Peer 1: 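Have a look at this one.
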Amino acid sequence: MKRSVFCAVLTLALLLTLAGCGAGQAGPAPDYAPEEGGRLVVYTSHKEEVWWPIVKEFEERTGIWVDVEYGATSELLERLVQEGKDPRADVMFGGGVESLMTYADCFAPYSCAGEEYILEQFRAPDGLWTPFSALPVVLVYNTRLVEPGQVARWSDLLSPELRGNIAFPDPAVSGSSFTALATMLYALGGEQEENLRRFAENLDGVQLSSSGDVLSAVADGDALVGVTLEETALKRMAEGMNIAMVYPQDGSSCVPDGSAIVKGAPHEDNAKLFLDFTVSREVQELLAGAAGRCAAMWRRWTSSLRWTSCPWRSMTWAGRWRSGRPF
């Protein structure tokens, strides 16, 4: 199924023929940057509000200069492929682990410090990635335009009533959208190609260039419903956006996003220190607090989820006991 879902992403991109956004690139290091031994280059798809406090604290604790380049998950991974055996980056920080697994040839295995504290369902069997946080995929809808209960399952996204009114990013660019598409296809069951065709038709040629645009599109009424990550929805709801969040009744995925050391990393030792830091108790508590994410290291809300094994890419299948209820 791994290969078929990846092909499905390519098919959806062809059906909609929309281009993605460009990744941000940092310029040459300033003259006052340290020598090579005291540097680290990080590619990240995280929002600045997530990576900035972590990188800042890492620099202060270690004295290592961190050069951050940001962009969409898929674009950064493709850049690693293009760089080949002469990579610029040391670490890929962000992106669902299913995306990282698709580009496994770009990464080197590493067992981080404190690995024994990582929840078992979030551990990489081959050590190619280190989990950072857990990201449940949810549905959101505009509370002024959609009645509670109108959107409760993945199959609702195939309803003709929602045609052209679904906020969904390009999965060829957005890692979270790739995860959401795979989750939906798994939940729907049946003929994957037929479900993909129906979903593409319901998007009606409308596909967002960034996962960050989903919430604003739904809140502003440009779309009635959207697919996003739990932490993003909770933050925007706390800010007063007129949206509600639903855990699909037919279940959803809770895939960790991760970090990985680039194969042939110029600053490999510093990369290992950074991965160790991302799973430190301080960073994981920051995730569970200010960042509003589910930590992969410390057993937080697992009692409110039922966990079973999903055969696709070791994805953890999560369904709330309160499935389908808007929050």
Side-chain angles (χ1 to χ4, degrees), residues 23-29 33-115 118 122-124 126-133 135 175-176 255-280 282-284 286-287 291 293 296-297:
Q25 299 187 30
E35 297 295 327
E36 284 297 319
R39 297 177 61 187
L40 177 71
V41 178
V42 173
Y43 285 1
T44 185
S45 55
H46 286 302
K47 302 179 185 70
E48 186 173 357
E49 63 195 57
V50 174
W51 67 257
W52 168 246
I54 295 171
V55 168
K56 181 174 181 291
E57 183 67 21
F58 178 78
E59 287 183 320
E60 291 178 353
R61 291 192 180 199
T62 64
I64 295 171
W65 176 285
V66 182
D67 183 3
V68 177
E69 299 192 14
Y70 62 91
T73 301
S74 297
E75 290 189 352
L76 293 173
L77 290 171
E78 279 299 316
R79 191 191 300 181
L80 289 178
V81 172
Q82 294 169 10
E83 292 173 356
K85 296 182 179 180
D86 187 26
R88 166 171 163 71
D90 301 297
V91 171
M92 178 66 192
F93 181 37
V97 297
E98 81 290 347
S99 295
L100 301 182
M101 289 166 66
T102 303
Y103 289 79
D105 290 344
C106 295
F107 304 115
Y110 175 64
S111 297
C112 66
E115 182 182 27
I118 297 175
F122 294 152
R123 296 180 187 176
D126 51 12
L128 283 180
W129 47 266
T130 298
F132 177 61
S133 62
L135 302 171
S176 60
V255 180
D257 60 352
S259 307
I261 295 178
V262 177
K263 186 182 296 184
H267 315 100
E268 184 177 4
D269 290 341
N270 293 342
K272 292 177 180 178
L273 290 175
F274 184 78
L275 260 62
D276 291 347
F277 185 65
T278 64
V279 293
S280 66
E282 295 89 339
V283 171
Q284 291 288 299
L286 173 66
L287 291 177
R293 290 188 167 212
M297 294 283 284

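All values reported here derive from a predicted model rather than from experimental measurement. Just the heavy atoms: all of them, side chains too, but no hydrogens, waters or symmetry mates, feed the values below.
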Peer 1: Using side chain to side chain contact (heavy atoms under 4.5 Å, CB included) as the criterion, point out the one residue from Val68, Leu80, Val91 that pairs with Tyr43.
Peer 2: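 With Tyr43 as partner, side chain to side chain contact (heavy atoms under 4.5 Å, CB included) holds for just one option, Leu80.
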Peer 1: Restricting to non-hydrogen atoms, name the atom on Cys106 and the atom on Val81 that form the minimum distance, rounded to 0.1 Å.
Peer 2: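 Smallest interatomic distance, heavy atoms only, reads SG-CG2, 3.8 Å.
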Peer 1: Could you grab the distance from atom CZ of Phe274 to atom OG1 of Thr130, nearest 0.5 Å is fine?
Peer 2: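 The OG1 atom of Thr130 is 11.0 Å from CZ of Phe274, to the nearest 0.5 Å.
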Peer 1: What closest approach, in Å, do Ala89 and Pro266 show between heavy atoms, and which atom pair accounts for it?
Peer 2: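 Shortest heavy-atom contact: O-CD, 3.6 Å.
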Peer 1: Check whether any side-chain N or O of Asp90 sits under 3.5 Å from a backbone N or O of Ala271 as a donor-acceptor pair, and report yes or no.
Peer 2: no
Peer 1: Once you round to the nearest 0.5 Å, how far does OG of Ser259 lie from CG of Leu275?
Peer 2: 5.0 Å
Peer 1: In Å and rounded to the nearest 0.5 Å, what is the CD to CZ distance from Glu57 to Phe277?
Peer 2: 5.0 Å
Peer 1: What residues form a side-chain hydrogen bond (donor to acceptor under 3.5 Å, both in side chains) with Asn270, not counting sequence neighbours?
Peer 2: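 Checked Asn270 against side-chain hydrogen bond (donor to acceptor under 3.5 Å, both in side chains); zero matches.
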Peer 1: Which heavy atom of Leu128 sits nearest to which heavy atom of Ala104, and what is that distance?
Peer 2: CD1-CB, 3.7 Å
Peer 1: Taking the side chain as every heavy atom from C-beta outward, state whether Asp257 and His46 have any pair of such atoms under 4.5 Å apart.
Peer 2: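 A side-chain contact under 4.5 Å exists here.
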Peer 1: For the residue pair Leu77 and Ser99, establish whether any side-chain heavy-atom pair is separated by less than 4.5 Å.
Peer 2: yes
Peer 1: Drop me the distance from Glu69's CD to Leu76's CG, to the nearest 0.5 angstrom.
Peer 2: 8.0 Å
Peer 1: State, yes or no, whether a side-chain contact exists between Glu48 and Trp51 at a heavy-atom distance under 4.5 Å.
Peer 2: yes
Peer 1: With sequence neighbours excluded, what pairs up with Gln82 under the side-chain hydrogen bond (donor to acceptor under 3.5 Å, both in side chains) test?
Peer 2: none
Peer 1: Which atom names give the shortest non-hydrogen contact between Pro87 and Ala265, and what distance separates them?
Peer 2: CG-N, 4.3 Å
Peer 1: Using modelled atom types only, decide if a donor and an acceptor are shared between the side chain of Thr44 and the backbone of Gly94 within a distance under 3.5 Å.
Peer 2: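 Answer holds: no.
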Peer 1: Of the non-hydrogen atoms in Glu115 and Ser111, which two are nearest, and what is the gap between them?
Peer 2: OE1-CB, 3.6 Å
Peer 1: Nearest 0.5 angstrom please: Leu273 CG to Cys112 SG, how far?
Peer 2: 12.5 Å
Peer 1: Considering only heavy atoms from C-beta outward, does the side chain of Val50 approach that of Phe132 to under 4.5 Å?
Peer 2: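 Yes, their side chains come closer than 4.5 Å.
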Peer 1: Can you measure from CD (Glu83) to CZ (Arg88) and round to the nearest 0.5 angstrom?
Peer 2: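 The CD atom of Glu83 sits 8.0 Å away from the CZ atom of Arg88.
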Peer 1: Among Asp67, Ile64, Asp269, which residue satisfies the side chain to side chain contact (heavy atoms under 4.5 Å, CB included) criterion with Leu40?
Peer 2: Ile64
Peer 1: Tell me, yes or no, whether the heavy-atom count around Asp86 atom CG, taken from other residues, nucleotides or ligands under 6.0 Å, exceeds 12.
Peer 2: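 12 or below, so no.
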Peer 1: So do the side chains of Ile261 and Lys272 get within less than 4.5 Å of each other, counting heavy atoms only?
Peer 2: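 Side-chain contact under 4.5 Å: yes.
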Peer 1: Between Glu75 and Arg79, is there a side-chain N and carboxylate O pair less than 4.0 Å apart?
Peer 2: no
Peer 1: Using a 4.5 Å cut-off on heavy atoms from C-beta on, say whether the side chain of Asp126 contacts that of Pro109.
Peer 2: no
Peer 1: How about Glu78 and Tyr103: do any of their side-chain heavy atoms sit closer than 4.5 Å?
Peer 2: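 Yes, close enough: below the 4.5 Å cut-off.
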Peer 1: Can you list the residues that meet the ring-ring contact (aromatic ring centres under 6.0 Å, His included) rule with Tyr110, with sequence neighbours excluded?
Peer 2: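 None.
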Peer 1: Would you say Lys85's side chain and Gly264's backbone share a donor-acceptor pair under 3.5 angstrom?
Peer 2: no
